[in-house]
Undergrad: 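Before anything else, here's the structure in question.
Since this is a predicted model, take the numbers as computed values, not measurements.
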Amino acid sequence: MKAVVRTAHGVFAVDLDDELVQGGSEDIPPAEEAHVELPRLVAAVAAGSTVVALLDRRPPLAVSHDAGRTWREA
């Protein structure tokens with residue numbers, strides 16, 4: 001699974017399985033914010049029916065491919 005992360009030094013793709021940074025770019029558009037009803041939610045973004053939520057717990061990511069109906073931990 002890959003995540004796109006915006007930092008002070010630019011936008012980077014990160015392979016979450018290998019924890020490798022895969023280059024930087026300034027031209028990746030921001031994802032739309034998503035309204036998610038999950039406990040300990042820090043932030044959530046959506047692209048189409050895929051929603052990624054950052055949670056204040058371990059594991060920190062929850063991913064939904066059906067617009068938030070079902071979730072899996074990542």
Undergrad: Looking at every non-hydrogen atom in both residues, tell me the closest pair between Ala46 and Ala34 and how far apart they are.
TA: CB-CB, 3.9 Å
Undergrad: Are Val51 and Leu41 in one and the same hydrophobic cluster, where Ile, Leu, Val, Met, Phe, Trp and Tyr link if side-chain heavy atoms are under 4.5 Å apart?
TA: yes
Undergrad: Treat each ILVMFWY residue as a node, draw an edge where side-chain heavy atoms are under 4.5 Å apart, and state whether Trp71 and Val45 are in one component.
TA: no
Undergrad: Sorted by first residue and then second, give each salt bridge (charged side-chain N to carboxylate O under 4.0 Å, His left out) pair with at least one member in residues 41-55; sequence neighbours left out.
TA: none
Undergrad: Distance check, rounded to the nearest 0.5 Å: Leu61 atom CG versus Leu16 atom CG?
TA: 6.0 Å
Undergrad: Is the shortest side-chain heavy-atom distance between Asp15 and Val21 below 4.5 Å?
TA: no
Undergrad: Give the cluster check for Val36 versus Leu54: same hydrophobic cluster or not, with ILVMFWY residues linked at side-chain heavy-atom distances below 4.5 Å.
TA: no
Undergrad: I'd like to know if the side chain of Ser49 and the backbone of His65 have a donor-acceptor N/O pair within less than 3.5 Å.
TA: yes
Undergrad: Kindly state each residue pair satisfying salt bridge (charged side-chain N to carboxylate O under 4.0 Å, His left out) with at least one member in residues 34-60, sequence neighbours excluded.
TA: Arg40-Asp56, Arg57-Glu73
Undergrad: Identify the heavy atoms of Asp66 and Arg69 that sit nearest to each other, and give their distance.
TA: OD1-N, 3.2 Å
Undergrad: Clusters formed by hydrophobic residues whose side-chain heavy atoms approach within less than 4.5 Å: which one holds Leu20, and what are its other members?
TA: none
Undergrad: With a 4.5 Å heavy-atom cut-off, do Leu55 and Val42 have their side chains touching?
TA: no
